Amino acid sequence: DRPALLELVDETRHTGEPAGPLELRLFDATGQPRWFEATVSELRGEAEVAGTVFNAREITDRVAAREELERSEARFRSLAQHSSDIVAVLGDDGSVSYMSPSSEHVIGYPAEALLGEGFERVVHEEDRAVLNGQLPMLAASGRSTRTTELRVICADGAEKTLELTV
């Protein structure tokens with residue numbers, strides 16, 4: 001992390017403008033890494049300071065939380081990508097922000113075609129109320145998982161009933 005910090009200091013000295021923030025790792029007395037967010041300001045022109053000011057705040061907990069979130073998201077992506085079931089992430093308005101690749105095998109549509117409002121167009125007309133009304137209500141209820149059925153029209157025109165778990 002030292003080269004990045006020296007580059008930040010050099011940038012500030014050349015431009016006279018503050019630089020950063022930069023995340024860097026420093027080691028404590030026991031040799032354990034601690035993460036800091038640093039900024040550098042050039043204040044040589046100010047009589048009270050007359051130098052380069054380095055500010056840092058510890059962000060070890062924030063970095064650990066971000067890394068755990070990244071690991072969790074990678075596990076979810078791996079499970080969803082390799083599942084034979086369709087896995088979808090729907091917003092409160094029923095729009096799809098993620099659809100697993102298995103959608104192509106199960107209902108004949110590639111995942112990309114079902115993003116946004118695309119999934120609603122394949123839902124059987126009589127079951128759209130489930131997608132637009134019941135699913136958000138079930139999700140917001142705070143209860144443990146609930147299961148319902150939803151009919152879809154496949155790419156080949158066939159009708160299938162899917163079991164949805166929310």
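Note that this is a predicted model, so its numbers are computed, not measured. One-based numbering along the sequence shown.
The nearest pair of heavy atoms linking L8 to G20 is CD1-N, 3.5 Å. Across all their heavy atoms, T39 and P21 have their closest contact at CG2-CA, 3.9 Å.
F27 belongs to no multi-residue hydrophobic cluster, having no ILVMFWY side-chain contact under 4.5 Å with any other such residue. Taking a 4.5 Å side-chain heavy-atom cut-off between Ile, Leu, Val, Met, Phe, Trp and Tyr, the cluster of W35 extends to I59, V63.
For E149, the side-chain contact (heavy atoms from CB on, under 4.5 Å) criterion is met by T161, not counting sequence neighbours. Applying the side-chain contact (heavy atoms from CB on, under 4.5 Å) rule to S78 yields the partners H82; only residues at least two apart in sequence or on another chain are considered. Legend: residues meeting side-chain hydrogen bond (donor to acceptor under 3.5 Å, both in side chains) with S41, ordered by chain and number and at least two apart, are absent. Not a single side-chain hydrogen bond (donor to acceptor under 3.5 Å, both in side chains) links T12 to another residue, sequence neighbours left out. With sequence neighbours excluded, the residues that form a side-chain contact (heavy atoms from CB on, under 4.5 Å) with E17 are T15. When the side-chain contact (heavy atoms from CB on, under 4.5 Å) test is applied to E159, the partners found at least two apart in sequence or on another chain are H124, R151, I153. With sequence neighbours excluded, no residue forms a side-chain hydrogen bond (donor to acceptor under 3.5 Å, both in side chains) with D1.
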Show the numbers, then the answer: is there a side chain to side chain contact (heavy atoms under 4.5 Å, CB included) between F119 and L150?
CA-CA 12 Å; F119 186 63; L150 185 70; 4.0 Å; yes
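Put simply, the side chain of R128 gets close to the backbone of E120: a donor and an acceptor are under 3.5 Å apart.
More than 12 heavy atoms of other residues, nucleotides or ligands sit less than 6.0 Å from atom CD of E67. Within 6.0 Å of CZ in R2 there are 12 or fewer heavy atoms belonging to other residues, nucleotides or ligands.
Connection of L26 to L22 is established within a shared hydrophobic cluster, with ILVMFWY side chains joined at heavy-atom distances below 4.5 Å, either directly or through further cluster members. Cluster membership for V89 and V87, using ILVMFWY side-chain heavy atoms within less than 4.5 angstrom, is shared.
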Atom pairs and distances, side-chain donor-acceptor, residues 104-115, under 3.5 Å, sequence neighbours left out:
none

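Applying the salt bridge (Lys or Arg N to Asp or Glu O under 4.0 Å) test to every pair with at least one member in residues 53-64, sequence neighbours left out, gives these pairs: E23-R62, R34-E58, E37-R57, E37-R62. Judged as a salt bridge (Lys or Arg N to Asp or Glu O under 4.0 Å), the pairs with a partner in residues 73-90 (not counting sequence neighbours) are, in order, E68-R75.
Residue F54 holds its CZ atom at 8.5 Å from CZ of F36, rounded to the nearest 0.5 Å.
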